[in-house]
Amino acid sequence: MARPDLRIRDPLLAAVLALTVAAAGWAGWGGWSWYTAAHDDAAAYARERDRALAAGEQAVLNLNTLDHRDITRGLDSWADSATGELRDQLVDGREEFERRIQRAKTVSSAKLLSGAVTELDARAGRASVIIALRITVTAPKGEPARKESRMLGELTRTPGGWKLSALGQAPVGNATAG
């Protein structure tokens, strides 16, 4: 019995066959890479970190922005940006704060300089952020006063998303060589 000759004698057919096998391999590798990246725990963690950072940055901006001409909207934004004891403090002190801002007739605004998540426990729904911003306070008379500030915030994940649960100034110290 004679063995059949399995060699491909047409060079064009051989090239097409080789390219088809290579394309199928490339498509399989690309599909597997996409699937593993889409289902990677590190990618999910990064997305949660980005959500926490965006919410933290916006909340810190909100809590450093207030216009005496539209104080109700500003203070509502403060309350909407916070949760827990921080929100309770903002709501409980609202009337007194509103009176002081109306008397002073100030406008404060904040501009984000940078921000970072310093800690994230996605399972527990807690995060910490540090936010650098430039705050401008304008009084009825005089030039606007500007200062740069670093804020430390604690975030808690709520059904409405990440909210500030604590906020304070970041300590500024002198670094000494030694």
Side-chain angles (χ1 to χ4, degrees), residues 37-38 40-177:
D40 183 10
D41 287 342
Y45 184 82
R47 285 190 298 273
E48 192 65 26
R49 181 198 62 222
D50 292 347
R51 282 192 288 271
L53 178 59
E57 288 173 341
Q58 187 60 57
V60 171
L61 287 172
N62 291 349
L63 290 176
N64 284 280
T65 301
L66 192 60
D67 187 335
H68 73 93
R69 297 167 295 200
D70 194 5
I71 198 161
T72 300
R73 186 174 75 184
L75 293 176
D76 287 347
S77 174
W78 284 19
D80 291 343
S81 299
T83 190
E85 288 183 29
L86 177 60
R87 185 178 191 287
D88 293 345
Q89 291 170 1
L90 295 171
V91 170
D92 292 346
R94 182 176 177 135
E95 288 180 20
E96 174 60 28
F97 195 75
E98 191 171 344
R99 280 193 294 272
R100 284 192 280 146
I101 293 299
Q102 289 293 8
R103 269 194 307 256
K105 298 197 182 309
T106 57
V107 176
S108 63
S109 61
K111 177 183 176 188
L112 177 70
L113 300 177
S114 65
V117 173
T118 58
E119 186 178 343
L120 175 63
D121 185 342
R123 290 183 186 192
R126 291 189 312 261
S128 299
V129 293
I130 184 166
I131 309 291
L133 45 99
R134 181 174 297 122
I135 301 168
T136 303
V137 178
T138 306
K141 296 179 182 169
E143 292 296 313
R146 290 180 184 83
K147 77 172 188 169
E148 292 183 0
S149 181
R150 289 183 305 168
M151 308 293 290
L152 294 174
E154 298 294 323
L155 297 162
T156 301
R157 189 175 44 229
T158 70
W162 289 96
K163 307 262 182 171
L164 274 175
S165 50
L167 183 65
Q169 285 289 131
V172 179
N174 292 336
T176 57

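The first residue in the sequence is number 1, and the count goes up from there. Small disclaimer: the values here were computed from a predicted structure and weren't measured.
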Item checked: Pairwise side-chain contact, His68 with Thr106, heavy-atom cut-off 4.5 Å (strictly under) -> no
Checklist line | Donor-acceptor contact present, side-chain Trp162 to main-chain Gly125, <3.5 Å | finding: no
Checklist line | CG-CD distance between Asp80 and Gln58, expressed to the nearest 0.5 angstrom | finding: 11.5 Å
Notebook entry, point to check: If you count the non-hydrogen atoms of other residues, nucleotides and ligands that lie under 6.0 Å from CD in Gln169, is the total more than 12?
Noted result: yes
Notebook entry, point to check: Quick one: does Thr83's side chain get under 4.5 Å of Leu164's, heavy atoms only?
Noted result: no
Note to self: Measuring from atom CD of Glu98 to atom CZ of Arg100, what distance do you get when rounded to the nearest 0.5 angstrom?
What the structure shows: 12.0 Å
Check: Of the non-hydrogen atoms in Ala170 and Ile130, which two are nearest, and what is the gap between them?
Finding: CB-CD1, 4.3 Å
Checklist line | Closest contact, heavy atoms only, Ala52 versus Leu155 | finding: O-CD1, 3.4 Å
Notebook entry, point to check: Checking side-chain contact (heavy atoms from CB on, under 4.5 Å) for the pair Leu66/Ser108: CA distance, chi angles, key distance, verdict?
Noted result: CA-CA 5 Å; Leu66 192 60; Ser108 63; 3.8 Å; yes
Margin query: Check this for me: Glu96, atom CD, are more than 12 non-hydrogen atoms of other residues, nucleotides or ligands nearer than 6.0 Å?
Written below: yes
Check: Can we say Asp76 and Arg94 salt-bridge, meaning some charged N sits less than 4.0 Å from an Asp/Glu carboxylate O?
Finding: yes
Note to self: Tell me if the CD atom of Glu85 is crowded by more than 12 foreign heavy atoms within 6.0 Å.
What the structure shows: no
Margin query: With rounding to the nearest 0.5 angstrom, report the OG1 to NZ distance, Thr136 to Lys147.
Written below: 11.0 Å
Next item on the list: Output yes when a side-chain donor or acceptor of Arg87 lies under 3.5 Å from a complementary backbone atom of Ala79, and no otherwise.
Entry: yes
Item checked: Rounded distance [0.5 Å steps], CG in Asp67 versus OG1 in Thr138 -> 9.5 Å
Margin query: When you measure from the side chain of Ser165 to the backbone of Glu154, do you find a donor-acceptor pair of N or O atoms at a distance under 3.5 Å?
Written below: yes
Margin query: Using the rule given for side-chain contact (heavy atoms from CB on, under 4.5 Å), can you reason through Glu119 versus Asp121, listing the C-alpha separation, both sets of side-chain angles and the distance that settles it, and then say yes or no?
Written below: CA-CA 7 Å; Glu119 186 178 343; Asp121 185 342; 5.8 Å; no
Notebook entry, point to check: If you take all heavy atoms of Phe97 and Leu75, which pair is closest and at what distance?
Noted result: CD2-CD2, 4.0 Å
Note to self: Just verifying a value: how many Å separate Leu63 CG and Ile131 CD1, rounded to the nearest 0.5 Å?
What the structure shows: 11.5 Å
Next item on the list: Please check if atom CZ in Arg126 has more than 12 non-hydrogen atoms from other residues, nucleotides or ligands closer than 6.0 Å.
Entry: no
Next item on the list: Look at atom CD of Gln102 and say whether more than 12 heavy atoms of other residues, nucleotides or ligands are closer to it than 6.0 Å.
Entry: yes
Margin query: Is any side-chain heavy atom of Glu57 closer than 4.5 Å to one of Val129?
Written below: no
Next item on the list: Verify side-chain contact (heavy atoms from CB on, under 4.5 Å) between Thr156 and Lys163, making sure each step is shown before the conclusion.
Entry: CA-CA 6 Å; Thr156 301; Lys163 307 262 182 171; 5.8 Å; no
Next item on the list: Would you name the heavy atoms of Met151 and Leu133 that are closest together and state the gap between them?
Entry: CG-CD2, 4.3 Å
Next item on the list: Would you check if the side chain of Arg150 reaches a backbone N or O of Pro171 as a donor-acceptor pair within less than 3.5 Å?
Entry: yes
Next item on the list: Please answer whether the main-chain N or O of Ser77 pairs with a side-chain N or O of Ser81 as donor and acceptor at a distance below 3.5 Å.
Entry: yes
Item checked: Heavy-atom pair of closest approach, residues Thr65 and Ala110 -> OG1-N, 3.4 Å
